[in-house]
Amino acid sequence: MNYDTLLTTIENNTCVITINRPDKLNALNKNVFNDLDKAIDEVINNPEIKSAIITGSGPKAFVAGADIAEFAGLTKEQAMALAQRGQDVFFKIENSPKPIVAAVNGFALGGGCELAMACHFRLCSENAKFGQPEVNLGLIPGYGGTQRLTQLVGKGKSMELQMTGNLTDAVEALRLGLVNHITLSEELLAKTKEILQIIHSKAPIAVSKVIQCINTAVVNIDNTNGYKKEVAAFGDCFITEDMKEGTTAFLEKRKAIFTGK
Ligand code: COA
């Protein structure tokens with residue numbers, strides 16, 4: 001598919017989605033949200049795609065935030081609608097049954113940090129910088145940042161980072177658990193793809209249920225008990241062909257071949 005603000009490629013069943021507004025450090029405007037919404041639908045519905053990577057165009061930024069130019073003159077109601085729209089698109093990413101990973105190649109500020117945190121996990125390059133600097137604008141995060149940063153780094157650190165607006169470099173982000181790996185800039189996509197290839201070799205239904213159950217543990221928006229959800233999802237795996245294949249292959253001492261059924 002073609003998008004105004006995104007570049008997409010599919011290689012080895014991974015769709016790389018690149019946010020492409022480098023002159024504005026890939027800031028998230030309405031068009032980017034509309035395009036991202038469609039691109040995530042494509043990831044979920046296209047059987048050729050098994051996973052996705054979200055990254056930013058250019059050497060400097062993943063995404064430097066929501067597009068501040070779009071904030072001018074908004075009423076309270078319009079601001080709430082803007083935040084809700086952002087949250088809805090990010091929920092779609094978070095709840096995708098296929099893995100979606102952020103490859104953070106520079107500034108991930110405000111909405112950029114929130115986008116990275118909505119992904120299932122994050123890798124970053126050495127020059128990455130994370131932050132929720134909205135207080136500098138007399139604002140707070142609106143696309144889930146107060147919730148997801150707290151889930152990822154804990155309440156005290158989240159409070160400090162969001163009240164000071166201070167930025168976090170790659171090494172500190174790794175220490176805090178905000179990212180899983182740091183790479184050289186030129187190796188970021190290759191390392192992310194390498195991890196996704198490992199996931200592609202596993203049973204897709206089981207992978208999607210891992211996502212669902214872990215999301216229930218940290219999000220619990222529908223008031224579901226995560227332990228009960230895990231029991232049901234565990235049972236669901238038993239009626240898949242891949243579960244029969246995986247357990248049989250183990251007992252027969254051979255490598256499992258999964259079909260996603
Ligand atoms: N919204 C809209 N435009 C943005 C933007 C944002 N969040 N972040 C950067 N830009 C634009 C700048 O206005 C500038 O556009 P121009 O060349 O037309 O003037 C261009 O991107 C380059 O940014 P610039 O500030 O010149 O780069 P820099 O290297 O000096 O600084 C940052 C980089 C990331 C530190 C700085 O751009 C910044 O602080 N951005 C805002 C971060 C933020 O507050 N995000 C939260 C928003 S809710």
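In this text, all values refer to a predicted model and were calculated from it rather than measured experimentally. Whatever order the structure lists them in is the order used to number ligands and atoms, beginning at 1.
- An N or O contact shorter than 3.5 Å links Ile68 to ligand 1 by distance.
- Closest to atom 19 (O) of ligand 1 among all protein heavy atoms lies Lys24 NZ, 4.5 Å.
- Protein heavy atom nearest atom 36 (C) of ligand 1, with residue, atom name and distance: Leu25 CD1, 4.6 Å.
- Two residues are said to be in side-chain contact when any heavy atoms from C-beta on lie closer than 4.5 Å; Val135 and Met163 fail this criterion.
- A donor and an acceptor atom, one from each side chain of Thr18 and Ser57, are nowhere located under 3.5 Å apart.
- Close approach of ligand 1 to Leu109 is summarised as follows: ligand atoms under 4.0 Å from at least one heavy atom of the residue are 34 (C), 42 (C).
- Counting only heavy atoms of the protein, atom 27 (O) of ligand 1 lies nearest to Lys60 NZ, 3.6 Å.
- When heavy-atom distances to ligand 1 are checked against a 4.0 Å cut-off, Pro133 comes that close only through its side chain, counted from C-beta outward.
- When only non-hydrogen protein atoms are considered, atom 17 (O) of ligand 1 lies nearest to Asp23 O, 4.3 Å.
- The distance from ligand 1 to the heavy atoms of Asp67 drops below 4.0 Å at these ligand atoms: 1 (N), 2 (C).
- There is a path of hydrophobic side-chain contacts, each under 4.5 Å, that joins Val104 to Tyr143.
- Counting protein heavy atoms under 4.0 angstrom from atom 13 (O) of ligand 1 gives zero.
- Remark: aromatic rings of Phe33 and Phe90 are close, center separation under 6.0 Å.
- Side-chain polar atoms of Thr5 and Asn31 form no donor-acceptor pair below 3.5 angstrom.
- Polar contact check, Ala69 against ligand 1: no nitrogen or oxygen pair lies under 3.5 Å apart.
- Residue Ala66 has at least one nitrogen or oxygen atom sitting less than 3.5 Å from a nitrogen or oxygen atom of ligand 1, judged on distance alone.
- Without hydrogens or angle criteria, Gln162 side chain to Pro141 main chain gives no donor-acceptor distance under 3.5 Å.
- By the definition of a contact as any protein heavy atom under 4.0 Å away, atom 34 (C) of ligand 1 is in contact.
- Among protein heavy atoms, the minimum distance from atom 42 (C) of ligand 1 is reached at Ala64 O, 3.3 Å.
- Atom 38 (C) of ligand 1 is never approached by the protein to below 4.0 angstrom, counting heavy atoms only.
- Asn26 and Asn20 share no donor-acceptor pair across their side chains, judged by distance under 3.5 Å alone.
- A cation-pi contact, defined as under 6.0 Å to the ring centre and within 45° of the axis, links Arg148 to Phe91.
- Using modelled atom types and a 3.5 Å distance limit, the side chains of Gln78 and Thr75 yield a donor-acceptor pair.
- Distance check on atom 29 (O) of ligand 1: some protein heavy atom falls below the 4.0 Å cut-off.
- The protein does not reach atom 25 (O) of ligand 1 closely, with no heavy atom under 4.0 angstrom from it.
- Other residues sharing the hydrophobic cluster of Phe234, ordered by chain and number and joined by side-chain separations under 4.5 Å: Phe238, Met243.
- Inclusion of Glu134 in the set of residues having an N or O under 3.5 Å from an N or O of ligand 1 is not warranted.
- Atom 44 (O) of ligand 1 is flagged as protein-proximal [any protein heavy atom, distance under 4.0 Å].
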